[in-house]
Amino acid sequence: MTQEVKAREVAATGAAAGIAAAEDVAARQGNAREVLVIGGNRYFGKRLIARLLAAGDRVTVLNRGSSAPPPGATHLIADRDDENALDSALGPRTFDVVVDQVCYTPRQAAIARRVFAGRTRRHVLTSTVEVYEYEDSVAFVREQDVDPLGVRVDLELPWDKTEFLDSHYGEGKRQAEAVFAAEPAFPHVAVRVAHVLGGDDDFTGRLEHYASRIRAGEPIAVPPVNRPATYIHVEEIADFLFWTVGQDFTGPVNAASHGTLTTHDLCEAVSEHVPAGRAVFREVEVGEVSPLSFRRFYGMDNTRATRLGFTFGNVRQWLRRAADETLGKVD
């Protein structure tokens, strides 16, 4: 059996386990929920949709028409930046939960807050570990370290400019959280997602970045002090979001596996797929470093989610699996 086949089997096993868990939830709860997913066309979004459908929920997927949802889901087409179009597409529909996978700016959050007021009982924003980008703590950061109520919102910044948005990703998410928190129109959760790894559909290219340099013998740029970070597997974050849909807590919540990884840890796992290569590191005092290489430590504390009842895995238990899934066969 080839490494590629093994990786696909492992990925399928992880997805099947998540769907089986969703079916078990469905058997226990009995009542289907009306769930709207905004975005969700790829990566852990599509895995979340699969879990919701397996649980027997009535799922509506809203996007700009770039791709159709899986069989069993209702498809609505609208540009979420166009308030009138969004309002029109939704019509009289109401939802138990809205899961917003593609809210990147305070402007988008403000539109969503207005449009979904009276239309949903619960709103789940997929946020990010990058809201902590200004933190540099020796301790794992907790949700209260970035309180949305203390974040200044500036709707006049050029949020519609791709270059600005790309370079202000964490700030956009931070201000989006602040919009929902300042004037809550419905119970709201912000899931601060750790760096996600795994899956043969990982579109980020981050592990391949390392593989290509190891393959070519090119140096991997890292800071002189390479800080560790927290991560989560693609199947685990889909499980977490599915679990969150069925809970009633509100506010920010960190979603991260137990443990941390450095660039060296990632390269060690990647190197198994490039047996003829060797990882060479070059320290960079000033300037750009490789993806997932950090000058500051902002690992996330997952205590709140754990106390609420979610059980996380450990990064050391799934790192090799993630590399197998993403990189496929051994070169």
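Numbering of residues begins at 1 and proceeds along the displayed sequence.
Ion pairing between Arg51 and Glu235 holds under the 4.0 Å rule for side-chain N and carboxylate O. Remark: Glu177 does not engage Arg174 in a salt bridge, criterion side-chain N to carboxylate O under 4.0 Å. Using a cut-off of 4.0 Å between Lys/Arg side-chain N and Asp/Glu carboxylate O, Arg215 and Glu208 are scored as salt-bridged. At a threshold of 4.0 Å, the pair Glu130-Lys173 does not count as salt-bridged, since none of the basic side-chain nitrogens sits closer than that to a carboxylate oxygen. With salt bridges taken as basic N to acidic carboxylate O contacts below 4.0 Å, none links Arg296 and Glu135.
Shown here is Arg206, whose CZ atom has more than 12 heavy atoms of other residues, nucleotides or ligands within 6.0 Å. At most 12 heavy atoms of other shown residues, nucleotides or ligands fall within 6.0 angstrom of atom CZ in Arg320. The environment of CG in Asp248 is sparse: at most 12 heavy-atom neighbours from other residues, nucleotides or ligands sit within 6.0 Å. By the 6.0 Å contact criterion, CD on Glu133 is enclosed, its count of non-hydrogen atoms from other residues, nucleotides or ligands being greater than 12.
Smallest separation of non-hydrogen atoms from Gln247 and Leu308: OE1-O, 4.4 Å. Nearest heavy atom pair, residue Phe140 against residue Met300, reads CD2-O, 3.4 Å.
At a cut-off of 3.5 Å, with distance as the only test, no side-chain donor of Ser137 or Asp145 sits close to an acceptor on the other residue. With hydrogens and angles left out, the side-chain atoms of His233 and Ser257 include no donor and acceptor closer than 3.5 Å.
For Phe294, the ring pair (Phe, Tyr, Trp, His ring centres under 6.0 Å) partners two or more places apart in sequence, or in a different chain, are His195, Tyr298. In this view, Arg64 satisfies the side-chain hydrogen bond (donor to acceptor under 3.5 Å, both in side chains) rule with no residue, not counting sequence neighbours. For Pro184, there are no side chain to side chain contact (heavy atoms under 4.5 Å, CB included) partners two or more places apart in sequence or in a different chain.
Counting heavy atoms from C-beta on, the side chains of Val253 and Phe240 come closer than 4.5 Å. The side-chain heavy atoms of Val234 and Asp202, taken from C-beta on, include no pair separated by under 4.5 Å.
Taking the ring centre of Tyr231 as origin, the terminal cationic atom of Arg316 falls outside the region bounded by 6.0 Å and 45° from the ring axis.
Under the 4.5 angstrom side-chain criterion for Ile, Leu, Val, Met, Phe, Trp and Tyr, the cluster partners of Val153 are Leu155, Val179. Connectivity analysis of hydrophobic side chains (ILVMFWY, heavy atoms under 4.5 Å, direct or indirect) links Ile38 to Leu36, Leu62, Leu76, Leu86, Leu90, Phe95, Val98, Val102, Tyr104, Ile111, Val115, Phe116, Leu125, Leu157, Trp159, Phe164, Leu165, Tyr169, Phe180, Phe186.
Rounded to the nearest 0.5 Å, atoms NE2 (His264) and OG (Ser271) are 10.5 Å apart. Atom OG1 of Thr230 and atom CZ of Phe297 lie 7.0 Å apart (nearest 0.5 Å).
Here ring pair (Phe, Tyr, Trp, His ring centres under 6.0 Å) pairs that include residues 40-73, with residues two or more places apart or in two chains, are Tyr43-Phe203.
Judged by distance alone, with hydrogens and angles left aside, the side-chain atoms of Glu143 form a donor-acceptor pair with the main-chain N or O of Asn254 at under 3.5 Å.
In summary, the aromatic rings of Phe312 and Trp318 are positioned with their centroids too far apart to meet the 6.0 Å limit.
Exactly one residue among Arg282, Arg213, His209 makes a side chain to side chain donor-acceptor pair (under 3.5 Å) with Ser290. That residue is His209. Screening Val289, Val280, Ile214 for a side chain to side chain contact (heavy atoms under 4.5 Å, CB included) with Ile220, the sole residue that qualifies is Ile214.
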